[in-house]
Amino acid sequence: MRATPIILPSDAAAPGLGLCLDTLAAALRAHTRPGVGLYDPVDEAPTPADHYGQTGAALALAILDGPDSRTWRYPLEAWETVPAQQIGHAPFNRFLLNLLAGHLERSGAPASEVTQIRGSAQECKLARLYPSNNWTLLARLCELQEANGKAGSRAHARLRGLLDCWTTPSGAFVDYPARAGTPARGATPAAYHHKALFVAVMAAELGEPEAWQPTIERLLRWSLYGWDGYGHAGGLGRSSHALFGDACLVASLLLLGAGSDAHQDTAPGRMLRGLLGRWSGQIRPDGFLALNPADTTLSGTGWDPYMHLSVYNAWAAAVVAWARGRARRPEREHAVHLEAFGSTQPARTGLELLRAGSASAAFALVSTHGQPPQGFSRDAVELRYAGGVPLHMTWEGQVLCPAPVRIPAQALLDAPALAGWTPVFLIDDRLFGLTDFEHCESQASEESLQITLSGHPRPLLRLAGTSFPARALAALDWRLLDGAMGRRAALQRHPSREVAGTLTLIISLKRPCLIQRLELEHDGQRPVTLLNPGGHAVTDVRLAKRCFQQELNGATPDRSPGDWHEAPLPSAIAGGRGLCQNPETIPKGTYTSELILEWPTRPRDITGSPC
């Protein structure tokens with residue numbers, strides 16, 4: 001006999017929550033079939049067998065349709081037919097199956113059914129370490145889910161130790177590399193920071209909430225630091241503004257109580273409503289939520305190859321539905337609540353990015369030193385970790401600067417405007433970018449934020465070995481070492497010392513205005529080519545003013561600035577466009593440029609000086 005269902009309160013404090021979950025449930029039902037399970041309308045095929053779309057859909061539908069329904073069984077049965085050697089994403093599948101078993105057990109399902117699902121979870125074998133630290137965190141969380149007694153205490157301590165090791169002084173989660181201090185600055189993509197927060201909050205649900213509170217508070221503050229006051233949080237690194245990270249953040253906020261009436265006017269409560277409000281505008285014609293703000297009608301805008309529509313929607317539905325139910329359980333034993341955090345306002349400074357302004361006027365997130373790219377490819381350029389880039393800039397909530405992108409190298413050579421704000425060069429026929437900076441200084445006032453960075457261009461592509469030993473080593477790395485040697489190459493991108501660059505950004509906090517100044521010192525014997533003079537990235541919001549000037553060794557180049565070259569930017573933010581002038585050959589000496597962009601405020605405010 002099944003337990004009597006609990007009547008849950010309304011979603012008054014987070015009005016978009018019910019709509020989003022209803023939308024997700026309807027889309028999952030519409031794309032779930034007997035014998036197939038979850039179907040992906042973009043791939044036009046069943047959700048990838050080596051991902052976690054099937055198990056996510058099973059958990060989501062078991063919660064949203066109830067354990068007596070048949071819908072949740074279709075994706076689970078489809079996943080159970082996958083041969084063991086083809087099961088991938090083991091930590092994700094094991095985590096979701098553990099949650100499904102627990103949900104069914106509380107709902108009064110037969111013990112044999114619960115035991116079978118727990119057995120299926122055990123078939124997802126966990127590794128000690130993974131290429132991305134967020135995978136390792138989830139694997140250790142699975143072990144915590146299954147631990148009892150002293151083993152549980154050890155699992156808690158192990159997980160907290162990893163988060164302490166992989167969190168920067170400002171509170172950002174380091175997704176790569178695993179070994180702290182090599183280099184001192186790791187890669188801190190915002191989406192996987194939100195996942196780290198979710199792991200910590202879920203761990204506190206399993207016990208020791210007091211011990212978990214400082215870790216959760218530190219991670220939550222950094223998430224708030226990257227929030228623009230409306231519907232966007234992050235923009236740094238891979239999976240920018242992706243549904244996966246959004247779902248982790250929404251689920252965390254629900255478990256922390258941000259959806260309650262008492263916290264609707266706090267920063268976490270407003271962030272929760274902002275994210276859910278943005279989701280309501282991301283509903284695609286097929287019923288799924290778009291994977292990012294840019295992709296509501298088309299497929300693949302701002303996506304990485306590992307991203308699948310069905311997988312991320314199933315994940316979002318599963319973790320958010322579970323978190324909503326858990327947050328409302330009257331018998332909830334362990335929890336960390338927002339009351340313990342006081343105001344929980346964002347920090348004033350950050351090592352990985354700088355925040356300036358406010359939601360009511362100009363708001364900006366700017367990357368600082370730059371970070372090692374998690375993918376250092378031979379044929380694709382990763383610019384999402386570059387320093388000196390306005391990662392996200394808004395005026396009264398309207399996005400002005402889109403997130404940077406990863407693009408094929410040939411596409412960049414054909415259209416250098418795709419580089420956006422990052423200066424890119426051809427040096428000895430190799431692509432370099434001013435992506436990493438040794439020195440960073442900032443000055444902030446009520447009127448503006450000024451950031452000055454200096455460094456040398458770094459290679460944007462990994463060299464391909466042409467000798468037989470080099471090719472054999474690359475094949476060995478790919479087949480047996482899971483690409484570990486290639487990933488380490490991202491930490492050893494030796495700069496070109498013949499070019500030194502100083503980049504200055506000045507962002508007005510009273511007007512929607514941005515100035516970029518670039519100074520290059522070239523002391524090599526052969527000229528280098530700056531592919532994208534005046535390069536920048538904006539959305540389709542109308543500009544009120546664009547001014548650009550450049551000098552070579554103190555003189556204006558013989559040719560005047562030409563027309564702006566423009567290319568649609570495959571950013572996670574809608575309407576992204578990259579622009580630049582014609583390539584410029586830089587001889588030995590000094591090159592300087594200044595770019596001024598200004599957007600309208602209101603018609604009566606457009607007059608006056610640029611900034």
Side-chain angles (χ1 to χ4, degrees), residues 11-24 190-191 193-195 197-198 201 219-236 239-283 289-296 302 312 316 319-320 323-324 327 338 341 343-347 353 355-365 391-403 539 541 571-575:
D11 296 318
L17 180 59
L19 170 64
C20 289
L21 285 176
D22 288 346
T23 298
L24 287 166
H193 173 89
H194 301 328
K195 181 184 177 182
L197 170 64
F198 177 59
V201 173
L219 294 168
L220 178 60
R221 286 185 186 278
W222 200 86
S223 288
L224 284 165
Y225 188 67
W227 172 54
D228 68 357
Y230 292 88
H232 301 88
L236 175 62
S239 290
S240 294
H241 300 295
L243 181 60
F244 178 92
D246 286 349
C248 292
L249 183 53
V250 167
S252 299
L253 292 170
L254 290 172
L255 291 169
L256 292 171
S260 66
D261 291 337
H263 295 101
Q264 59 180 317
D265 291 327
T266 65
R270 293 193 300 272
M271 180 162 65
L272 175 61
R273 289 199 306 277
L275 289 167
L276 293 171
R278 173 162 63 77
W279 277 9
S280 67
Q282 286 184 205
I283 301 173
L289 296 184
L291 291 194
N292 57 45
D295 179 41
T296 55
Y312 277 18
V319 299
V320 173
R324 181 179 68 167
L338 288 173
F341 298 157
S343 61
T344 318
Q345 292 299 313
L353 51 85
R355 164 195 170 110
S358 66
S360 61
F363 172 90
L365 290 175
L391 297 170
H392 189 74
M393 183 172 171
T394 67
W395 173 254
E396 297 180 347
Q398 194 167 33
V399 181
L400 306 178
C401 294
T539 63
V541 176
S571 172
I573 296 295

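Predicted model, so just to flag it, every value in this text is computed and none were measured.
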Run the side chain to side chain contact (heavy atoms under 4.5 Å, CB included) check on Phe363 and Arg355 step by step: do they pass?
CA-CA 8 Å; Phe363 172 90; Arg355 164 195 170 110; 3.7 Å; yes
Apply side chain to side chain contact (heavy atoms under 4.5 Å, CB included) to residues Val399 and Tyr230 and explain how you reach the verdict.
CA-CA 10 Å; Val399 181; Tyr230 292 88; over 6 Å; no
Verify side chain to side chain contact (heavy atoms under 4.5 Å, CB included) between Phe244 and Asn292, making sure each step is shown before the conclusion.
CA-CA 9 Å; Phe244 178 92; Asn292 57 45; over 6 Å; no
Passes side chain to side chain contact (heavy atoms under 4.5 Å, CB included), Val320 versus Leu24? Steps please.
CA-CA 10 Å; Val320 173; Leu24 287 166; 5.8 Å; no
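Distance alone, capped at 3.5 Å, places no donor-acceptor pair between the Gln264 side chain and the Gly269 backbone. The closest donor-acceptor contact from the side chain of Ser223 to the backbone of His194 lies at 3.5 Å or more, if one exists at all. For the pair Thr394 (side chain) and Glu396 (backbone), a donor-acceptor distance under 3.5 Å is absent.
Closest of all the heavy-atom pairs between Leu365 and Gly234 is CD1-O, 3.7 Å. The two residues Gly235 and Ser240 make their nearest non-hydrogen contact at O-OG, 3.5 Å. Nearest heavy-atom pair, Tyr312 versus Ala242, reported as atom, atom and distance to 0.1 Å: CE2-CB, 4.4 Å. For the pair Ser571 and Ala403, the tightest heavy-atom approach, listed with the atom from each and the gap, is OG-O, 2.8 Å.
Separating the CG atom in Leu400 from the CH2 atom in Trp395 is a distance of 9.5 Å, to the nearest 0.5 Å. Taken from CD1 in Ile573 to NE2 in His241, the straight-line distance is 4.0 Å, to the nearest 0.5 Å. Residue Leu19 holds its CG atom at 9.0 Å from CG of Leu276, rounded to the nearest 0.5 Å. To the nearest 0.5 Å, the span separating OG1 on Thr539 from CE on Met393 amounts to 10.5 Å. Here the straight-line distance linking atom CD1 of Ile283 with atom OG1 of Thr23 works out to 4.0 Å at 0.5 Å rounding. Note that CG of Leu21 and CZ of Arg324 are 4.5 Å apart. Values are rounded to the nearest 0.5 Å.
The side-chain heavy atoms of Trp279 and Pro293, taken from C-beta on, include no pair separated by under 4.5 Å. Side-chain contact between Leu353 and Tyr225 is present, with heavy atoms from C-beta onward closer than 4.5 Å.
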Donor-acceptor pairs are to be reported for all side-chain atoms of residues 247-256 against protein atoms at under 3.5 Å, with residues two or more places apart or in another chain.
{"residue": "Ser252", "atom": "OG", "partner": "Phe198", "partner atom": "N", "Å": "3.3"}
{"residue": "Ser252", "atom": "OG", "partner": "Cys248", "partner atom": "O", "Å": "2.7"}

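The aromatic rings of His232 and His392 lie tilted to each other, with the angle between the two planes from 30° to 60°.
No donor-acceptor contact under 3.5 angstrom links the side chains of His263 and Thr266, judged on distance only.
When the side chain to side chain donor-acceptor pair (under 3.5 Å) test is applied to Trp227, no partner is found at least two apart in sequence or on another chain.
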